[in-house]
Protein chains: 2
Amino acid sequence: MTDFFQTLNQFVRLTPESEAALSAILKPFSLPRGYLLLKEDTTCNYIYYIEKGLTRTFYYKDGKDVTDWISLEKTFACSVVSYITRRPDIRNIELLEDSVLWGIHYNDIEQLYQKYHDIERFGRLVVSDGLVKLQQRFDDLHFATAAERYNKLLDTNPSVIQRVPLGMIASFLGITQETLSRIRAQHTRRKE
Amino acid sequence: MTDFFQTLNQFVRLTPESEAALSAILKPFSLPRGYLLLKEDTTCNYIYYIEKGLTRTFYYKDGKDVTDWISLEKTFACSVVSYITRRPDIRNIELLEDSVLWGIHYNDIEQLYQKYHDIERFGRLVVSDGLVKLQQRFDDLHFATAAERYNKLLDTNPSVIQRVPLGMIASFLGITQETLSRIRAQHTRRKE
DNA sequence: GAGCTTATTTGACAAATATCAAAGGAAATT
DNA sequence: AATTTCCTTTGATATTTGTCAAATAAGCTC
């Protein structure tokens, strides 16, 4: 939980009362690799703070597994569309490693939003940060070649490349795994 | 201004005091087609509500003009990245038609966020809505062919196709204008 | 409405990436 | 250690889309 409040402090400084109220709604999860946090066609009720581990948000498009987002430690994971709109959507979330998470239920945080101005501010800033990150991810793919996409990821999130299977990274980048494998082969050749 | 508060009411119901405070910071703009609302490498200080008209957010990538976002009436336009991070970024915003806008200055709304809980909530909900829309746009392009991208736009925003030049739509979809022109030719042929 | 500018279409060709198929490797399980 | 399963690489080929160049078409301005 310490990690969570450390991350939170990067967004906003809460009053002790708000902090206590927020810590009271955090639910701990300790779950194994492969666990499905969210199943497609259900409504996402939790946003998860990742203390330890790694999650992947994915869906099926024309029968093919497409990775939508990868969340690392000290960030959040959820189906943004479902959590905000309160409707089911196509996304699944799975754990790529054994993980320790803190879940925030939609209804619980809604109540705190109503009651505590500073928690509402926290919410606004978290969503704003998410919006900036998604825009940057979008920019990284817009009119970029397969190699450019991979290099950008290597720049911004090198640990993802160590921890996530190639096929998932490929679909995260909007390319096939064969193409990504060939790009990687080029890379190592260059380094020799 | 009526339009603005009508749109606002879809997000949240403000107290009369908050509404008055918010209306006091709205700045009216009436500007001609072609006007540059935001210039690249500057910080975006305004978010604009579009009462009438149409804006395009764009930047240059490898010397080529890339359309990032198109905003229609009753929606907002700004460089999300720059407005939130308070840093310059690469995006320009131009008017594609003579327009009537209401600008909200970053500093002004920040003050209101501090003072009025319900305006902070409004901010959170606007950003949340923006996040959902960006995610949906992202989904529309992820692993979609050129024709699929165009058809999706035709479904969700047909008016854009009437009002925005083909080259700009093409780059918005992440394809070349020649490819889009050929897709359109296929389309009309099918209808005959 | 002639002339200029800008936007769109079309064609020929090149490049990038996907697809299909198969072979290697690595890791987990018994 | 052997077996199974999953992950990655490689090769051959097909498809899609981009690039370059030129021809039309549509809008604006004087």
Side-chain angles (χ1 to χ4, degrees), chain A residues 32-36 54 56 58 60-67 70 94-98 140-154 160-192, chain B residues 32-36 54 56 58 60-67 70 94-98 140-154 160-192:
Chain A
R33 174 179 161 181
Y35 187 87
L36 206 63
L54 184 56
R56 175 175 85 107
F58 66 100
Y60 295 97
K61 182 162 197 167
D62 306 324
K64 282 177 194 159
D65 178 315
V66 176
T67 298
I70 293 165
E94 68 173 1
L95 301 183
L96 295 184
E97 298 175 0
D98 298 348
D140 291 347
L141 302 198
H142 204 178
F143 279 111
T145 64
E148 287 166 350
R149 293 169 192 213
Y150 180 69
N151 288 330
K152 194 75 186 184
L153 182 63
L154 214 51
V160 165
I161 287 151
Q162 311 303 320
R163 295 166 74 183
V164 180
L166 175 135
M168 295 175 185
I169 295 172
S171 78
F172 181 69
L173 298 177
I175 60 182
T176 60
Q177 65 172 13
E178 291 94 335
T179 296
L180 182 53
S181 177
R182 284 182 244 263
I183 286 165
R184 183 185 271 184
Q186 292 282 334
H187 259 268
T188 53
R189 199 158 306 138
R190 208 176 297 155
K191 280 181 193 158
E192 282 164 5
Chain B
R33 174 180 160 179
Y35 186 86
L36 205 63
L54 185 55
R56 174 175 84 107
F58 67 101
Y60 295 97
K61 181 163 198 166
D62 305 325
K64 283 177 192 159
D65 178 315
V66 175
T67 298
I70 293 165
E94 68 172 1
L95 300 182
L96 295 184
E97 297 175 0
D98 298 348
D140 291 347
L141 302 198
H142 204 179
F143 279 111
T145 65
E148 286 166 349
R149 294 169 191 213
Y150 180 70
N151 288 329
K152 193 76 187 185
L153 183 63
L154 213 52
V160 164
I161 287 149
Q162 311 303 319
R163 295 165 75 184
V164 179
L166 174 133
M168 295 174 185
I169 295 172
S171 78
F172 180 69
L173 297 177
I175 60 181
T176 61
Q177 64 173 14
E178 291 93 336
T179 296
L180 183 53
S181 178
R182 282 182 246 263
I183 286 164
R184 183 186 272 183
Q186 292 282 333
H187 258 268
T188 52
R189 200 157 307 138
R190 205 176 301 156
K191 279 180 191 158
E192 279 165 7

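Excluded from the calculations below are hydrogen atoms, water molecules and symmetry mates; all remaining heavy atoms, backbone and side chain alike, are included. No experiment lies behind these values; they were computed from the predicted model shown. Below, read A as the first sequence line, B as the second, and so on, with proteins coming before strands; counting in each chain starts at 1.
Within the 3.5 Å criterion, the main-chain N or O of A144(B) finds a donor-acceptor partner in the side chain of R149(B). The closest donor-acceptor contact from the side chain of T145(A) to the backbone of E148(A) lies under 3.5 Å.
One finds a side-chain N or O of K64(A) lying less than 4.0 angstrom from the OP1 or OP2 phosphate oxygen of dT19(C). Phosphate proximity of dT8(D) to S181(A): absent, as no side-chain N or O sits under 4.0 Å from OP1 or OP2. In this structure, T179(B) does not reach the dT17(D) phosphate: none of its side-chain N or O atoms is under 4.0 Å from OP1 or OP2.
Each of G167(B) and R182(B) lies near DNA chain C, and the nucleotide nearest G167(B) is the one positioned closer to the 5' end. Residue-to-nucleotide proximity on DNA chain D shows that, of F143(A) and P165(A), the 5′-proximal contact is made by P165(A).
Residue Q186(B) contributes atom CD, which lies 11 Å from atom P of dT17(D) at whole-angstrom precision. In this entry the distance linking CD1 of I183(A) with P of dT10(D) reads 13 Å, nearest Å. When rounded to the nearest whole Å, the span between NE2 of H187(B) and P of dT8(C) equals 16 Å. For R149(A) and dA18(C), the CZ to C1' distance is 13 Å, given to the nearest whole Å. In this structure, OH of Y150(A) is placed 15 Å from P of dT17(C), rounded to the nearest angstrom. Atom pair D65(A):CG and dC6(D):P shows a separation of 13 Å (rounding to whole Å applied). A straight line from NE2 of H142(A) to P of dT17(D) spans 14 Å, rounded to a whole angstrom. Atom pair E148(B):CD and dT15(D):C1' shows a separation of 14 Å (rounding to whole Å applied).
Distances from the side chain of R184(A) to the nucleotides dT9(C), dT8(D), dT19(C) place dT8(D) closest. Listed candidates were dT10(D), dT17(D), dT8(D). Nearest to the side chain of L166(A) is dT8(D). When distances are taken from the side chain of T145(B) to each of dA12(D), dT17(D), dG11(C), the shortest belongs to dT17(D).
Applying the 3.5 Å distance criterion, the base of dC20(D) shares a donor-acceptor pair with the side chain of E178(B).
Within the model, atoms CD1 of I169(A) and CD of Q162(A) stand 8.5 Å from one another, a figure rounded to the nearest 0.5 Å.
Counted within 6.0 Å of NZ on K61(A), heavy atoms from surrounding residues, nucleotides or ligands total more than 12; the atom is thus considered enclosed.
Within 4.0 Å of R33(B), counting heavy atoms only, lie sugar-phosphate atoms of the nucleic acid but no base atom. Nucleic acid contact class of I175(A) (heavy atoms, under 4.0 Å, all strands): sugar-phosphate only.
Using a 4.0 Å cut-off between charged side-chain N and carboxylate O, E97(B) and R33(B) make no salt bridge.
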